[in-house]
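These notes concern the structure reproduced below.
The sequence lines fix the lettering, A, B, ..., with proteins before strands; numbering per chain opens at 1.
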Amino acid sequence: MPTERYNAPDRERHWQHVWEKDQIFQASEDQEQPKCYVLEMFPYPSGRIHMGHVRNYAMGDVFARYKRAKGFNVLHPMGWDAFGMPAENAAMERKVHPGKWTYANIDTMRSQLKSMGLSLDWSREIATCSPTYYRHQQKLFLDLLKKGLAYRKSSKVNWDPVDQTVLANEQVIDGRGWRSGALVEQRELTQWFFKITDYAEELLDDLGTLVNWPEKVRLMQANWIGRSEGMLIRWALEKETAPKGFTELEVYTTRPDTLFGASFLAVAADHPLAKAAAEKNPDLAAFCEECRRLGTSVADIEAAEKRGFDTGVRAAHPFDKNWQLPVYVANFILMDYGTGAIFGCPSGDQRDMDFARRYDLPIVPVILPPGEAAETFDLKGKAYVEDGTMINSRFLDGLTTKAAFEEIASRLEKQKLADRPQGTRKVNFRLRDWGISRQRYWGCPIPIIHCEKCGVVAVPEKDLPVTLPEDATFDKPGNPLERHPTWKHVTCPTCGEAATRETDTMDTFVDSSWYYVRFTAPEAETPVDMNAASYWLPVDQYIGGIEHAILHLLYSRFFARALCDTNHLTFATNTREPFAALFTQGMVTHETYNSQDGFWLLPNDVRVEGEGAGRRAIEIATGRPAIIGATEKMSKSKKNLVDPDDIIAHYGADCARWFMLSDSPPERDVIWTEAGVSGAGRFIQRVWRLIDEILEAYPQKPSKKPETFGPDALELRKAAHRALDSVGKAIEALRFNVAVANIHEFSNVLQAILSRNEASVPWAAHEAAALLVTMIGPMMPHLAEECWARLGYNTLLANEPWPVAEPDLLVDDQVTIAVQVNGKRRDELVVSRTANREEVEAAALKLGSVVRALEGRAPKKVIVVPQRIVNVVG
RNA sequence: GCGGACGUGGUGGAACCGGUAGACACACAGGACUUAAAAUCCUGAGACGGUAACGUCGUGAGGGUUCGAGUCCCUCCGUCCGCACCA
């Protein structure tokens, strides 16, 4: 009697309800089990979940469920990264309050996530836009301020004059605002910063401890932090040439060894010396202005030639008072790296050489490459940047590059200019402090009051949270907080005079820099519950997109340390790293389709026929052929979207999960295909039928385990226990595609053996069925739960431990080993697992295929690798 | 320009520490069942030659190390990613 098909949507709702009712995924820290904190990057509530979320959360859920089964006390929370621009844009476009829009999206997405059957502890749900979250963030801000880790400074920003807001560098496209299209201006604004640079060294050094992070991410962070070792060198300026008040110029260099190859100094257009010199020189002023305008776009910078303007100022070489070098303003010098000033050594730096050529400055080689002779060495128009032997460098001649560095450093450290050492060693970082001010409404208000008398005043803690006013207007560009009629007007907490609130809000990256801490005690009265945090942290497995490789992860690493240093957090182990292991999953991609008039088409609006070269798409609505485009990341703009809701309603969540985990290695992109999904759906029905067939053939599991097993039963048991072992290992290593393959393989064996009639098969079949169900449990939890119940167990599979594979079943008595002659495979040999070299060698040499391949030659050597291979060399 | 990753059948991909390349799946082809379709089941399949046994070739290209290389080393080609006047 064949059972009906497995009705996934119906059964999934049922089991989700059971799990929720029993609250089995709620975590608490007071248990004696080892803990495991599994976290996926929380979503921005944009409206609906997309396939990228499905993939991310399916992976995290497999890991969390597996760890639970392995006896860990698992924390697996979910929340919302709920502040940000899209809500404010929606407010502008649809006249809906950002909060209303956001919370409506959260409701939708929460129920979508719930329909995926994730083993989440929903009691810990947090939304960063809730005052119950951001009030703690404001407290943290104040503590960072006290500690000197938050400060205000004037800095250059990209200003969009139409939207009246600051733009991040990524939002400036070809020098124009990404929304307004207006030409972006450079403006000086006073902004709040976090002093991430204080931790530059530590953040770099500790990357070495993150052995369970992708090498790629560590490398990207290391490059971003960008440590370089060099020197600050002060150059005396010739009095009659220097502007008033300027007696010296300090430059930063990583190559003090090339000091005798110097032929000019150069400063950034914003350098004080440039500004002072420009006052008396309109042409120079015009040049500086031109440089500033160029500053915006990366593309412009690339295209720009190395250009400069001689300020007329002259500097004296540190080792030769009579050697005067010109000081230029140059367009390739950055004000915010080093000191905004360099010395140029044309032979040792390509930029400097280009510059020297253009302005006819001397090019003196100072480093001789290994193997070259000083008399014949020719730069051939290219700067030599590698190590070598010093030439044309007076007291350095003959030294290696490294020794020359040391020699210059120690001399300049002793040599005085105006009573201070003329040179000091200095480690420099590319990393800048983190500017967190945003001129926007939908973000965490910065809890500061500006008073004319008292200056910058912290909002007293008793007045926290500083909440956003509900009645803001979004009908025009600019910051709604700034133009709100009353919100910003307050009295100064210190003097009681009229004062104004800070109207900037915090970058949303601040919200996500500590949410993983808050999850450990989401209701705590203080930002962090130290006990809970030190129990759960660090996150044992963090999973998310590679797009956060730098900013979010770096900011979080900074925040963990800042929280420690403001006494909010301690780690139980000797680390300050928030994420012990990181996994970056690939994207979900799909084919794109275009109509003949050049519009993007949804996959649902297209019918695809044929295959291979004959594959074509037809626009369903019009019946006209459509163009099949490239396979790309699913995106709204290209309409190559598949809605998870549709898939879950049609095939079920297990199917979507299974497909996401199959085939593609999790770190690579997965191509979403209809064929793949229906294949996953077929496998679900197959498992269901398989369980059905077992129950039909052997309705009851024999209560007594047979003393001995026949060959078929033994084969089945071996396959089952091996699969159990390898699936566990694969999940542990997040190699879900391999786990899926192992399960397929095992179910093939199970199916094949069912038809055999052997006394010990029924028991083994029931054991195998239970193991199969256990193995698919983390990936397809609903189907597994349903099968588990059908097999007669009255427990929840989600609460069951991961069984231990029987070691005896994992090894074979007989092994098949390959036999090679001269490295070429000729035959195979079945031998006892414990056979010694002599036995294997003798057996191999007897093989007809070996004798034939040797063509009468005597074997010169026989290599035996036990249990693997025999290679006869002859 | 600098740094990095990757390159395996028609497709996605397996292959522990250098030891039987192509597991598993998708797609495909043939067959069974069916009035038919769907579903399901069975069979086949890297390429070339051969009825077959079998042989030769085969992991982007070329070279090297080794008894043995998809895996290690060198050179090159291609794809993707990150950074980029960083002194």
Side-chain angles (χ1 to χ4, degrees), chain A residues 2 5 214-224 226-228 230-231 251-256 258 266 268 294 298 301-306 330-334 336-345 348-352 354-355 385 428-432 546-547 549-550 611-613 659 662-665 667-671 673 675-680 682-683 685-686 689 726 729 735 737-748 751 816-829 849 852 859-874:
Chain A
R5 288 167 64 81
E215 181 62 34
K216 182 183 181 169
V217 175
R218 288 192 286 166
L219 206 82
M220 280 163 72
Q221 291 219 351
N223 289 339
W224 187 265
R227 184 182 195 274
S228 60
M231 286 195 83
V251 306
Y252 179 71
T253 179
T254 55
R255 296 297 300 273
T258 64
L294 257 165
V298 179
I301 290 170
E302 267 180 77
E305 285 175 273
K306 316 271 164 295
N331 64 349
F332 63 93
I333 311 300
L334 304 173
D336 45 8
Y337 186 79
T339 60
I342 62 147
F343 80 77
C345 172
D349 182 300
Q350 194 56 49
R351 283 165 314 168
D352 295 348
D354 295 346
F355 191 83
V385 298
N428 214 351
F429 293 93
R430 206 189 75 100
L431 183 70
R432 316 279 160 77
I546 186 77
E547 67 272 21
I550 295 173
E611 65 192 71
F659 171 68
S662 312
D663 288 350
S664 285
E667 68 279 8
R668 278 196 227 171
D669 290 353
V670 62
I671 304 171
T673 61
V677 186
S678 56
R682 278 200 301 276
F683 182 70
Q685 297 301 337
R686 182 157 170 235
R689 265 196 325 272
S726 49
K729 281 180 183 147
R735 295 168 50 94
N737 57 322
V738 177
V740 166
N742 292 152
I743 290 172
H744 272 132
E745 210 167 357
F746 167 49
S747 60
N748 289 343
Q751 181 136 40
T816 307
I817 63 173
V819 180
Q820 297 181 335
V821 175
N822 293 329
K824 203 165 262 184
R825 184 181 171 278
R826 291 295 170 182
D827 211 334
E828 54 183 40
L829 199 55
S849 48
R852 239 179 295 130
K860 285 191 201 123
K861 193 158 117 188
V862 179
I863 287 143
V864 178
V865 182
Q867 296 172 50
R868 288 224 174 264
I869 205 162
V870 187
N871 190 9
V872 179
V873 187

Watson-Crick or G-U wobble partner of [N], both distances under 3.5 Å:
N: B/rU40; value: B/rA32
N: B/rG68; value: none
N: B/rC17; value: none
N: B/rG50; value: none
N: B/rC83; value: B/rG1
N: B/rA27; value: none

Give a yes/no answer on whether the side chain of [X] brings an N or O atom under 4.0 Å of OP1 or OP2 in [N].
X: A/R852; N: B/rA53; result: no
X: A/R682; N: B/rA27; result: yes
X: A/R689; N: B/rA39; result: no
X: A/K824; N: B/rC57; result: yes
X: A/R351; N: B/rG1; result: no

Identify whether any heavy atom of [X] sits under 4.0 Å from a base atom; if not, whether one sits that close to sugar-phosphate; answer base, sugar-phosphate or nothing.
X: A/R826; result: sugar-phosphate
X: A/E745; result: sugar-phosphate
X: A/N737; result: sugar-phosphate
X: A/V865; result: base
X: A/K860; result: nothing
X: A/I863; result: base
X: A/R218; result: nothing
X: A/I546; result: nothing
X: A/S664; result: sugar-phosphate
X: A/T339; result: nothing

Q. Does a side chain donor of either A/N742 or A/R735 reach within less than 3.5 Å of an acceptor in the other side chain?
A. no
Please determine, for the side chain of [X], which listed nucleotide ([options]) has the closest atom?
X: A/N871; options: B/rA21, B/rA23, B/rG19; result: B/rG19
X: A/W224; options: B/rA87, B/rC26, B/rC83; result: B/rC83
X: A/R430; options: B/rG68, B/rA84, B/rG12; result: B/rA84
X: A/T253; options: B/rA15, B/rA87, B/rC85; result: B/rA87
X: A/T816; options: B/rG19, B/rG13, B/rU20; result: B/rU20
X: A/R686; options: B/rC67, B/rC41, B/rG13; result: B/rC41
X: A/D663; options: B/rA15, B/rA25, B/rA87; result: B/rA25
X: A/R868; options: B/rU20, B/rC67, B/rC16; result: B/rC16

Q.
Please classify the glycosidic conformation of B/rC6 as syn (within 90° of 0) or anti (everything else).
A. anti
(Q) Checking one value: the base orientation of B/rG10, syn if chi is within 90 degrees of 0, otherwise anti. (A) anti
Spacing of the [atom1] atoms in [M] and [N] (rounded, Å):
N: B/rU20; M: B/rU71; atom1: P; result: 14 Å
N: B/rU65; M: B/rC72; atom1: C1'; result: 8 Å
N: B/rG63; M: B/rA47; atom1: P; result: 25 Å
N: B/rU66; M: B/rC83; atom1: C1'; result: 39 Å
N: B/rU59; M: B/rG70; atom1: P; result: 7 Å
N: B/rA23; M: B/rA45; atom1: C1'; result: 15 Å
N: B/rC67; M: B/rG62; atom1: C1'; result: 24 Å
N: B/rG13; M: B/rG22; atom1: C1'; result: 10 Å

Measure [atom1]/[X] against [atom2]/[N] and give the value in whole Å, please.
X: A/E667; N: B/rA5; atom1: CD; atom2: C1'; answer: 11 Å
X: A/I869; N: B/rC17; atom1: CD1; atom2: P; answer: 17 Å
X: A/Y337; N: B/rA84; atom1: OH; atom2: P; answer: 13 Å
X: A/N748; N: B/rA23; atom1: CG; atom2: P; answer: 12 Å

Q) Is the closest side-chain heavy-atom distance between A/S747 and A/R686 below 4.5 Å? A) yes
Q. Pick the nucleotide of RNA chain B nearest each of A/A675 and A/D669; which residue has the one closer to the 5' end?
A. A/D669
